[in-house]
Visitor: 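Attaching a single structure in structure tokens format; questions to follow.
Computed from heavy atoms alone, side chains included, the values below leave out hydrogens, waters and symmetry copies. None of the values given here were measured: they were computed from a predicted structure.
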Amino acid sequence: MNLSFLKLLREKFSIKVFVTFTIFFFIISSFFTVFFYDQQSKALTNTLIKNSELLVGVLAYSVRLGVLSENKDLLRDGVEGIFQQENVLEVSVFNLQKNLFKKLKKYKVTDKQTSAPEDEKVPGNVIASFRQEEPLFWFEGKDFMELWSPVITTSGYASEEDLVLGERPSKKRELTIIGAAKITIDKSDLKKRLNGLLLKSVLIGFVFWSIGSLLIFIMTRQITTPLKRLTAGVHTLSIGGVVSEVGVETGDEIGKLADAFNTMLDALKKREAEKEHLQEQLRHAQKMEAIGTLAGGIAHDFNNILTAIMGFGGLIQMKIPKGSPISSHVEQILDSSQRAASLTKNLLVFSRKQLSTPNPLNLNESISNLKKLLGRLIKEDIEFKVELCKNDLIVMADQGQLDQIFMNLVTNAKDAMPKGGVLTISTGAVKLPPHIVVTSQARNLGGYALISVTDTGIGIDEKTKEKIFDPFFTTKEVGKGTGLGLSMIYGIVKQHEGYIDVKSEIGKGTTFNIYLPLIDSIFEKQKEKASHPPKRGTETILVADDEPAVGSLVKKILEEFGYKVLEARDGEKAIEQFLKHKDDIHLLLLDVIMPKKNGKEAYDAIRKIKPEVKAVFISGYSDEIIDEQAILEGLNFIGKPVSPEELLFKIREVLDN
């Protein structure tokens, strides 16, 4: 038990405080108890002594005539009057010869210190005291107190009042002692009163100490309870538990500490919420990255296949005469391959890895050219409006990707108006609104072209608005939507350094706002290459591609148009072939990603041999192309899938320049 208490005393701050203050208060209470008892006992004793001195003085005064005349009758009244007083055990009067003259007693006094038995004369020490003109002599026994007073011929006091008050005569008077008076006082009543006083003092001290201990306990709890809560909260936080706020009950330092803890707890909760939000964003980004990597890899491989299909189909189309019955079959093959190429392009846009070919475009003109096609996508019960601003809006954009944006938004608007409505496409020149956070390094100083696509459909709720740009998120039934449309639009807009936001209200419709940066340049309409056939050539071209089907196709196309072709299946073979035929080779056609050495590494090695060599890079695009974009900046590039005409035009353009 003692060990347990000592352990608690060592470990518990509240017990330390309580025990310390309780002991301190006990010492104070004990001191005041002893002080109170001492003062009260002295007061009671002094009162008894004063009363006894008065009684013996009155006795000596009242019996002086009886003693002087030795008449016992004159003594009777005075002696019996004193004898009747409370606590008086014995009254004795001695005559001139100092012998006992009159004595009354209530019971026999047995204390050894009794000085005057019945036969004894007045003690010598009493007589000596009287000779020194002391009015009283007394000594104290265990259970009694004995007081002596001289009986004199005349009064030793100026008046009876002086006797009662105990006043001494102002001047010395010649006094003649004729006897002595003695009374014995019982101290048992005094002892009882002192014992009661002691008990009362102890009780008062105990009550005082108890009240003080209770107050100390309450104060200790007020101090330690918040500290316990704070300690428990900090401990719970340290092990990753959930902590509630500590109640701030006071405005003192403890309350301020609790308030500071609550402030820290709120900050930690906000930080934890931000951490969870960031973790969710990270998981989402990782998921998107994984999906994008998969999509990019599929598109890269599929583009190589499509390049072969489109290339050989194009060669067949060149070979067959006009009006041939198989001409329509070849056109169907080429149309299907073009749709497949569009699908791979969408996958790459979704993965944000599509190498777009931006050119200066008049946005109003692009929408006007697309208006007829978009009108075919909607139903007859939907009114289609196009509201274009008067000024030209010149943006740097990929026409095919812009067409994809409009087609997806119009399709979604049609689905949002099952009972008909109004679909409006409008344009304008604006500054970027303040609610859009600029993520590029600098805001476009030339302003932005605004494209708004508005419908009067069913609208989008707030919860859905938060997810509409997520890949594979769709509100359509199974088989009626992939959930890639808006995510691809988002990817295209971001590739063009633009911004997109949505405003919607349930039952009133939705507006998609797209902001594309305007460019400060003179817009020139690009001349169509139209029906001009590719030019033939006689130059020698080194073709390096790790895909055999693509390499064979390119070789066949180039040879059909008069070129000489050397082949290689990787970067190192390309360098070896160039070393063998460096004086004959006019152009390098290099795949960007190849085994051993990629296209750029092979090109750099060949340039050290022949700095003026020309090159065209070709790729079906993969993850690595993002890193290569900056490296290939300023070089000639053509993306897969590529038609024979596009390939021949590009090669002729590079050779002629």
Side-chain angles (χ1 to χ4, degrees), residues 303-304 306-322 324 330 334 357 526-592 594 597-620 632 634-657:
N303 277 337
N304 285 328
L306 287 176
T307 298
I309 294 173
M310 293 173 65
F312 285 111
L315 287 176
I316 294 173
Q317 191 179 43
M318 292 178 185
K319 293 287 185 179
I320 60 176
K322 292 183 178 180
S324 172
V330 175
L334 293 177
T357 54
Q526 293 184 343
K527 295 180 180 180
E528 296 182 0
K529 296 176 182 177
S531 58
H532 296 292
K535 295 181 180 180
R536 299 178 63 84
T538 58
E539 292 88 350
T540 300
I541 300 174
L542 173 59
V543 177
D545 198 305
D546 61 328
E547 183 63 37
V550 175
S552 299
L553 169 66
V554 171
K555 180 180 180 182
K556 197 166 190 65
I557 292 173
L558 293 177
E559 287 178 343
E560 285 285 338
F561 280 80
Y563 297 102
K564 297 177 182 178
V565 179
L566 299 174
E567 285 190 280
R569 290 289 176 260
D570 56 56
E572 290 185 354
K573 293 292 184 183
I575 296 172
E576 292 176 5
Q577 283 281 48
F578 186 81
L579 288 173
K580 293 178 182 178
H581 308 280
K582 61 182 178 180
D583 295 331
D584 301 326
I585 295 173
H586 299 87
L587 179 72
L588 306 174
L589 183 60
L590 305 173
D591 191 7
V592 175
M594 292 186 296
K597 286 185 182 294
N598 61 40
K600 183 61 168 57
E601 292 171 342
Y603 174 68
D604 290 339
I606 291 172
R607 282 191 64 194
K608 292 179 180 178
I609 303 170
K610 188 176 182 179
E612 69 276 12
V613 67
K614 297 179 179 180
V616 174
F617 292 90
I618 186 170
S619 177
L632 297 177
L635 300 178
N636 298 299
F637 178 84
I638 187 169
K640 300 176 184 177
V642 58
S643 66
E645 291 86 354
E646 290 175 331
L647 178 63
L648 291 169
F649 275 122
K650 187 68 175 180
I651 288 175
R652 191 70 259 164
E653 177 185 347
V654 173
L655 286 172
D656 291 343
N657 290 335

Visitor: Do side-chain atoms of Q577 reach the backbone of A574 as a donor and acceptor pair under 3.5 angstrom?
Guide: no
Visitor: Taking atom NZ as the centre, does K610 end up with more than 12 heavy-atom neighbours from other residues, nucleotides or ligands that are less than 6.0 angstrom away?
Guide: yes
Visitor: For residues K650 and F637, report the shortest heavy-atom separation together with the two atoms involved.
Guide: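 Nearest pair, atom of K650 first, then F637: CE-O, 3.9 Å.
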Visitor: Ignoring hydrogens, what is the shortest heavy-atom contact between E539 and Y563? Give both atom names and the distance.
Guide: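 Closest heavy-atom pair between E539 and Y563: OE1-CE2, 3.3 Å.
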Visitor: NE2/H581 to NE2/H586 distance, rounded to the nearest 0.5 angstrom?
Guide: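 Answer for the NE2-NE2 pair, H581 versus H586, is 13.5 Å.
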Visitor: How long is the straight-line distance from CD1 of I541 back to CG of L589, given to the nearest 0.5 Å?
Guide: 7.0 Å
Visitor: Work out which heavy atom in T540 is nearest to a heavy atom in D584; give both atom names and the distance.
Guide: CB-O, 3.2 Å
Visitor: Between CG of L588 and CG of L566, what distance do you get to the nearest 0.5 Å?
Guide: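 Output value for this atom pair is 10.5 Å.
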Visitor: Carefully, step by step, assess K608 and D604 under the rule salt bridge (Lys or Arg N to Asp or Glu O under 4.0 Å).
Guide: CA-CA 7 Å; K608 292 179 180 178; D604 290 339; over 6 Å; no
Visitor: Measuring from atom CD of E547 to atom CG of D591, what distance do you get when rounded to the nearest 0.5 angstrom?
Guide: 9.0 Å
Visitor: How many angstroms lie between atom CG of N636 and atom CD of E653, to the nearest 0.5 angstrom?
Guide: 7.0 Å
Visitor: Salt bridge (Lys or Arg N to Asp or Glu O under 4.0 Å) with D583: which residues, sequence neighbours excluded?
Guide: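 Here no residue qualifies.
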Visitor: Report, one line per pair, each donor and acceptor closer than 3.5 Å where one atom sits in a side chain of residues 553-562; sequence neighbours left out.
Guide:
{"from": "E560", "atom 1": "OE1", "to": "K319", "atom 2": "NZ", "distance (Å)": "2.7"}
{"from": "E560", "atom 1": "OE2", "to": "K319", "atom 2": "NZ", "distance (Å)": "3.3"}

Visitor: Please report the interatomic distance CG(N657) to NZ(K614), rounded to the nearest 0.5 Å.
Guide: 7.0 Å
Visitor: Quick check: does any side chain N or O of E572 sit under 3.5 Å from a backbone N or O of K597, one acting as donor and the other as acceptor?
Guide: no
Visitor: Among V654, V613, V543, whose side chain to side chain contact (heavy atoms under 4.5 Å, CB included) with L587 holds?
Guide: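 Looking at V654, V613, V543, the match for L587 under the side chain to side chain contact (heavy atoms under 4.5 Å, CB included) is V654.
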Visitor: Using only atom types and a distance under 3.5 Å, with no angle test, would you say the side chain of K535 pairs donor to acceptor with the backbone of R652?
Guide: no
